[in-house]
A.B. asks: 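Structure below; questions to follow.
Chain letters run A, B, ... following the sequence lines, proteins first, then strands; residues in each count from 1. Worth saying up front: this structure is predicted, and the values here are computed from it rather than measured.
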Amino acid sequence: MTPMLRPRAPTDDHPLTKLVLSLVAVGFIALFLLMPLVTVFWEALAQGMDSAIAALREPDALSAIQLSFTVAAIAVPCNALFGLAAAWCVTKFDFIGKNLLVTLIDIPFSVSPVVSGLVYMLIFGLQGWLGQDLRDHGIKIVFALPGIVLATIFVTFPFVARELIPLMSEQGRDEEEAAVSLGASGWSTLRRVTLPNIKWALLYGVLLCNARAMGEFGAVSVVSGHIRGLTDTMPLHVEVLYNDYQYAAAFAVAALLALLALVTLGIKSLLEWQFAGEIAATHSH
Amino acid sequence: MRKLAIFAAALSLCGAAHAADVSLLNVSYDPTRELYKDINAAFAAQWKQKTGDTLTVNMSHNGSGASSRAVIDGLDADVVTLALAYDIDAIADKAKLLPSNWQKRLPQNSTPYTSTVVFLVRKGNPWHIKDWPDLVRPGVHVVTPNPKTSGGARWSYLAAWAYAEKKPGGSWEKAKQFIAELYRHVPVLDTGARGSTTTFAQRGIGDVLLSWENEAHLALKEAGGDKFEIVYPSNSILAEPPVAVVDKNADRHGTRKVAEAYLQFLYSKEAQEIEAKDFYRPRDKDILAAHARDFPNIPLYSIDDVFGGWTKAQQVHFSDGGVFDQIYKPGQ
């Protein structure tokens, strides 16, 4: 009854309870996150490093890797730009329909990727609204690179904006208003005031966006057409190999995907560690 | 007139560049992955010899219904090689990319090879599954894909139906009851034949897989021989997976000639031998006889005799609200 007089532990729970809770948490993480990851690498190397590397050097695998990188290289910058613009709009200005815009940004998080793929099919497919016109002009959208890029952009739409909006709304508009009142143009306000304040959040958003862009399966599966060596991305190629009875090769490509994700997380942690002070300063809470 | 223009264009192209690079897109169904890998290599070699052109045949595999849908939606197939005629009818009907009489253009209903439906069971056949009635014994779990998306699954369904309707004392109503009972023994419906094979062979689910004959043989071969057995029921169905040039696409690409030659090649001795080796029943009598050991001679019902053709079978059994929708209640 004298909580003010002695330093308190975070909770009054029995030590045993705490131990059990911690074990459950660690066990859960090990079972659902660590074990699948270990399994992927284990299976990939089941027939040795050489055959795993050989699987990655197959023409179809190389083409899938190249396609995934190409798609990410287009989709991620698009979403970085859009995310920045949307966050800037939403946090620095007041306008009618602002809440609606914020809700719209979240749609790709709540809609199943398969549905988004089907929507593109309804618009650009041969039986869709624009299908026949596009074909008459020799333009390919679905079952080709543009469709895969569109589907990926849709699915990874919110990552950058969602990372930026909370930070920017917390930072408020004071600094920008000060800059403008001192005669700075809109462009130089963005470049010299806003961007330096949000660069870490922006980078996180881009990294997450990239990881998801490379890994997207559902939406891309609908619009890809599964032409081997042409429109199969890495995740689709994993499925192809698995169904071709090439289990080790399937896991080799899956391991490469997992490795890319781990590298992404590694870069993120490295940045956090390297620039801890600076990040704390911009996250002033 | 238009064909002539394209032919002339093709000729002039041939004249201008001696060894052109040509490519075809063959949109196929799930279990033909290995077959067309072999066929494509053989045909490309022959085409190179004949014309000097380097041919690449690109492949897209999916459940037959899904593949058909993709071509309707604009997947640019020069040729389709699907699991059953209805899926090509749908392309002719909904997208008008080829004439509705497509099946008359090549010999034997445009099916260079046939297959049937067999049972794949675990080694030693622990449930003693010998024929169709054994599938509905208490405790037996049957693996088969979803007839809505998979061609192989529709053939399996029809094979079971034909057995129950045509056996002594059988009738339409009794067949419906049998099918309803059969699907109560199915724990999971995959979208394609290969998915079901993986479910059964790799994940170890179920006691018997209703499978394409070629798919069962391949699973046996992949597993190394001592994990599974193939059981031939007392009768099954004559499965005819047809092939067709997709006229509008091939003409737009200027590939009609090579596309037609590619499908003709499937009937050649060389290709029939490859098909037999990959466990599809070749049309060629001599080659079939040479491989008779792989293809036991059991009575096979045809879809025309029992079901009045694919259009009718599809409408009665697999359309929305059809017999399959009436009898299949997941989780019961």
Side-chain angles (χ1 to χ4, degrees), chain A residues 43 58-60 63-64 114 117-148 151 218 220-232 236-251, chain B residues 23-37 40 56-63 66-67 69-78 90-91 93-97 145 190-199 201-203 215 218-224 246 248-249 252-253:
Chain A
E43 292 281 339
E58 283 279 310
D60 286 358
S63 134
V114 175
L118 286 175
V119 168
Y120 283 112
M121 204 57 85
L122 278 180
I123 300 171
F124 300 111
L126 187 56
Q127 313 304 318
W129 298 344
L130 304 175
Q132 197 57 54
D133 288 340
L134 290 170
R135 175 153 284 191
D136 292 345
H137 291 91
I139 302 169
K140 277 192 183 183
I141 304 279
V142 286
F143 307 122
L145 179 67
I148 298 173
V220 170
S221 175
V222 177
V223 296
S224 127
H226 303 275
I227 309 170
R228 294 172 177 216
L230 291 177
T231 64
D232 271 342
L236 298 184
H237 191 58
V238 172
E239 193 200 25
V240 164
L241 289 172
Y242 186 75
N243 281 336
D244 277 1
Y245 295 107
Q246 301 185 44
Y247 301 112
F251 279 103
Chain B
S23 69
L24 282 181
L25 175 58
N26 175 359
V27 175
S28 195
Y29 61 111
D30 232 5
T32 57
R33 296 155 188 257
E34 293 75 15
L35 171 68
Y36 280 107
K37 207 179 204 174
N40 293 346
T56 314
V57 184
N58 293 310
M59 296 302 304
S60 166
H61 296 276
N62 218 325
S67 279
R69 185 69 238 176
V71 174
I72 291 170
D73 281 332
L75 182 57
D76 232 349
D78 299 283
I91 299 171
D93 185 42
K94 296 199 172 74
K96 311 261 184 275
L97 294 174
D190 289 287
T191 51
R194 187 55 63 85
S196 276
T197 312
T198 316
T199 297
Q202 200 65 20
R203 290 169 54 206
E215 187 73 0
L218 186 68
L220 211 61
K221 199 169 105 181
E222 287 294 333
V246 185
K248 280 200 180 162
N249 292 350
R252 193 158 36 81
H253 303 152

A.B. asks: Do B/Asn249 and A/Arg135 have a side chain donor and acceptor closer than 3.5 Å?
C.D. replies: yes

A.B. asks: Select one option (side chain, backbone, both, neither) describing which atoms of B/Leu25 are under 4.5 Å from chain A's heavy atoms.
C.D. replies: side chain

A.B. asks: Once you measure the plane-to-plane angle for A/Tyr120 and A/Phe124, does it fall in the parallel (<30°), tilted (30-60°) or perpendicular (>60°) bin?
C.D. replies: parallel

A.B. asks: Please look at A/Val240 and chain B and tell me whether the side chain, the backbone, both or neither of the residue comes under 4.5 angstrom of a heavy atom of that chain.
C.D. replies: both

A.B. asks: Select one option (side chain, backbone, both, neither) describing which atoms of B/Thr197 are under 4.5 Å from chain A's heavy atoms.
C.D. replies: side chain

A.B. asks: So, A/Tyr242 and B/Gln202: side-chain donor and acceptor under 3.5 Å apart, yes or no?
C.D. replies: no

A.B. asks: Under 4.5 Å heavy-atom distance to chain B, tell me which part of A/Leu230 shows up: side chain, backbone, both or neither.
C.D. replies: side chain

A.B. asks: Does any donor atom in the side chain of B/His253 or B/Asp76 lie under 3.5 Å from an acceptor atom in the other side chain?
C.D. replies: yes

